[in-house]
Amino acid sequence: MVYFFAVNPLIFVSNPASKMPFFINVILPLPLEKHFTYSVSRDEAQFLRPGMRVAVPFGKSKIYTGIVAEVHQEDPVIYEAKPIEQILDKNPVVTEGQLKLWRWIASYYMCTEGEVLRAAIPSAFLLESETIVQLLKGAEVRDEDLTDDEFLLFEALQRQSSMKINEIVQLLDKKTVLPVINSLVEKKVVVVNQEIYEQYKPKVERYVKLHERFSEETAMHELLDELGRAPKQREVIFTLFGMSAKGKVKISELAKKSGASAAVIKALIEKGILTELKVETSRFNRDLEEVTGRVELNEHQRTALQEIHNAFKTQDVCLLHGITSSGKTEIYVELIEEAISKGKQVLYLLPEIALTAQLIARLQNYFGQKVLIYHSKYSVNERVEVYQNVLRNSENARIVIGVRSSIFLPFHDLGLIIVDEEHESTFKQYDPAPRYHARDVAVVLGKMQKAKVLLGSATPSLESYFNADHSKYTLVNLDRRFGNVLLPEIQIVDIKEKHRKKRMTGHFSDRLLEEIRETLDNNEQVILFQNRRGFSPILECNTCGHSPQCPNCDVSLTYHSHNNQLRCHYCGYHMAMQQKCMACGSDELSTKGFGTEQVETELKALFPNHKIGRMDQDTTRGKYGYEKIIEAFESGEVHILVGTQMVTKGLDFRNVRLVGIMNADTLLNFPDFRAHERSFQLMLQVAGRAGRTQKRGLVLIQTYNPHHQIVQQVSTNSYLEMYKEQLEDRRNYKYPPFYRLIRISLKGRDYSRVNEGADWLATSLKNTFRENVLGPEFPPVARIRNEYYKNILIKIPQRQSLSKTKDLLGRVLQSFKAIGAYRGVKTVINVDPY
Ligand code: ADP
Ligand code: ZN
Ligand code: ZN
């Protein structure tokens, strides 16, 4: 698609303005406040359209790929516009709609369009002088398919593993090499800026079944007669019949059982006697029959669906508050079906794909080839492919399931956006800019594309529920579990009292142990939730109180028993576990707090005959680490699963009777205004993993504060009560949804400059915003990788104009940056921080 080509001079029609020079404004993938202007020829101006890529010089000797934002005739005056290097596209690769969304994001989240551009399109689209080009592993190409330049580069890359653009310029002895590279990327010969991603590949299994025309007995007899002369094939059919009369069987198993070679089975497929089916099992051994067919909605689901339809007649956004296991997914499926039958595209946003493999398998089973997945672990090439498919509006891009960055794809005609688990904080990008919230951008994108937006959650965010409460969104409730399965019973265990009565074994109360035993005795499974990884976060000296600190960050190191190390969770610094206190030499060291690893170790001692699995960032890092653990748990090989928040997310296991929350207090005491809301969401989500089938599940919450209102509200499943109470706090303490927040973080290597700079900035802001400026304050971890941090928070009341506030903040920041003493202090702005 991307070639350089001569601009046809015939398309140009001269007009009076043509005496004036022509310019284009270009968005460069750099944090520049404004578009950069370049000069173009008349012909180029005629040809160029917003959204096309151009290669342009920038700085002393650099070449960047930028996106045309505008073609015009206004001289920039302040600087002399340089000519472009060349045009890279025949057609725009960025749509007008995207450009509009970028502008909105840049303005709302106070960043530059260049930063949005970087996040929005695959890096392979943005070749620049520093780009590294490599041969694609296993690339197949015929010489005659390559131009001379392409061939030269192809050959050179076989000799040296990678080349920079500048080296390629020398090799080809021409200035304009980007089209050659772009073309080789398109032809799947080279890759650029390849990052080392683990590729996400669903596992495909091949099945066969007997063709339907043999379902009648006579046809079957005729077939067997016919195969009389092919005894091996006949044997296969007999074996297949023995395994499953009508359903499908795995080819590998059929071959094994019948002793037939793959060729024999292949012959039967070619004759049309057997039908081959490829099934993406997504590494889960869920009974396939169950997920293939469409299901019929029950009456509660039908009512909810009807309410959503009604809502969409008058409103653009609808919040589906459906308790865990109420069957929200089936409602989504219906809505998706309707949207695509109208020829529209659908975007289905998820917090994290790796955590929802089960759900993807379900959607792929319904919609097959129409589903595209946009995964955070996709390689550069996979990203390009998804992007191109959406851009071309191809048949296999009707439904895009993706993580937050998929809101940047070049949709043409979105009819529906679903934001599943809309309360999840992973929808917010923390670093780098744009620091956007994908749910909120989805609502804006929906408006721009005239698409309906459905937010779904069992535990909606306060913001969304507030919007529904105030008629900005429509609220639809689904408060029955599918199949009338009861919500689990939730009981609170007071571990302060248990400690006093000496009824604790390590971190387990007698009550929890008793229930684990009973569950295991009944061949059922247990999930234990502890919101910390590692063994026991902090090592402390009993004599002098010292605990080993990270030399680069202001945090204590955490103990990891499997490699006997002390590690920093912020920068990765690590050292061997200490036997003696580094400060006073005492050997009386003890550990404070506890993590998943310690829970696992204690369990192993308590239940030596049971298999225990652990799911946290440490155990899911490897290839398919996550899938392996889930698979082992789902197949029943693992009996107890211990994990961090990861175990709370949308998993649907059948045999879990008991969920234990090891300690609710670490959640509740987190220093953040959302801590209570989050604790409620986490606990209720993890509780939702228990008893998803007929037998009622049990959840035990261990806590030192059994009367804490959040623990109580979780135990009685009182979302509304939690909502009202939290809302009252938010109103009193001036937090969202009543006030908007903008956080300004200052960071730098020089402690006193950061400190003084923060004071200066806060004072300037207080001149205008008065008591609505908080800080400056050191965050809980005030030094990371040897940079000091200090935060200022601006609270914006509803009646105060957001855009004016931002303008003012922008101006204050500009003055700040002009002060020499504060050079080296960086400012990071986070609008709606999470
Ligand atoms: P939620 O997303 O609301 O937690 P799910 O959509 O995962 O709930 O549904 C819970 C379980 O109930 C799933 O195993 C799903 O297959 C099943 N289920 C939901 N609705 C139906 C239906 N109408 N017919 C058959 N099974 C259903
Ligand atoms: Zn000591
Ligand atoms: Zn560190």
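All figures in this text were calculated on a predicted structure; none of them were measured in a lab. Along the sequence shown, residues carry numbers from 1. We count ligands from 1, going down the list as the structure has it; atoms in each ligand are counted the same way.
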Cation-pi check for Tyr834 against Arg674: NZ or CZ below 6.0 Å from the six-membered ring centre and within 45 degrees of the axis, yes or no? yes
For Glu421, state whether at least one heavy atom is located under 4.0 Å from any atom of ligand 1. no
Check this for me: Arg480, atom CZ, are more than 12 non-hydrogen atoms of other residues, nucleotides or ligands nearer than 6.0 Å? no
Would you say Thr519 and Glu524 are linked by a side-chain donor-acceptor pair, where the criterion is simply a distance under 3.5 Å? no
Please classify the Arg302 to ligand 1 contact at 4.0 Å (heavy-atom distances, strictly less than): side chain, backbone, both or neither. neither
Determine, using heavy atoms of Asp420 and all atoms of ligand 1, whether some pair is separated by less than 4.0 Å. no
Of all the atoms in ligand 1, which lie at a distance below 4.0 Å from a heavy atom belonging to Glu296? 22 (C), 23 (N), 24 (N)
Is it the case that the ring center of Phe778 lies less than 6.0 angstrom away from the ring center of Tyr789? no
Please list, in number order, the atoms of ligand 1 under 4.0 Å from a heavy atom of Ile323. 3 (O)
Any donor and acceptor pair, going by atom type alone, linking the side chain of Arg435 with main-chain N or O of Tyr430 inside 3.5 Å? yes
Got more than 12 heavy atoms from elsewhere within 6.0 Å of CD, Glu777? no
Salt bridge (Lys or Arg N to Asp or Glu O under 4.0 Å) with Glu422: of Lys328, Lys428, Arg439, only one passes, and it is Arg439
Carboxylate-amine/guanidinium proximity below 4.0 Å for Arg654 and Glu634: no
Judged on heavy-atom distance to atom 17 (C) of ligand 1, which of Phe653, Phe482, Tyr332 sits nearest? Phe482
Proximity to ligand 1 by part of Gln301, non-hydrogen separation under 4.0 Å: side chain
Should the proximity of Thr324 to ligand 1, defined as any heavy atom under 4.0 Å, be assigned to the side chain, the backbone, both, or neither? backbone
Go around the Zn ion (ligand 3) and count every protein N, O or S atom nearer than 2.8 Å. 4
Exercise: do Thr644 and Gln530 side chains pair donor with acceptor under 3.5 Å: no
Atoms of ligand 1 close to Val295 [distance to a heavy atom under 4.0 angstrom, numbered from 1]: 22 (C), 23 (N), 24 (N), 25 (C)
Show every salt bridge (Lys or Arg N to Asp or Glu O under 4.0 Å) that has at least one partner inside residues 555-576, sequence neighbours left out. none
Please confirm whether Ser325 approaches ligand 1 to less than 4.0 Å, judged on its heavy atoms. yes
Check each atom of ligand 1 against the heavy atoms of Thr329 and keep those under 4.0 Å away; list them by number with element. 2 (O), 5 (P), 6 (O), 7 (O)
Sub-4.0 Å atoms of ligand 1 with respect to non-hydrogen atoms of Gly327: 1 (P), 3 (O), 5 (P), 6 (O), 8 (O), 9 (O), 19 (C)
Keeping Arg783 on the side-chain end and Tyr788 on the backbone end, is there a donor-acceptor pair under 3.5 Å? no
Residue set satisfying ring pair (Phe, Tyr, Trp, His ring centres under 6.0 Å) with Tyr465, at least two apart, ordered chain then number -> His321, Tyr719, Tyr723
Numbering as shown, the atoms of ligand 1 that approach Ser326 to under 4.0 Å (heavy-atom distance): 1 (P), 3 (O), 8 (O)
With a 3.5 Å cut-off and sequence neighbours excluded, list the donor-acceptor pairs that the side chains of residues 571-584 form with protein atoms.
from, atom 1, to, atom 2, distance (Å)
His574, ND1, Gln565, NE2, 3.4
Gln578, NE2, Ala576, O, 2.9

For ligand 1, note which part of Leu478 has a heavy atom under 4.0 Å away: side chain, backbone, both or neither. neither
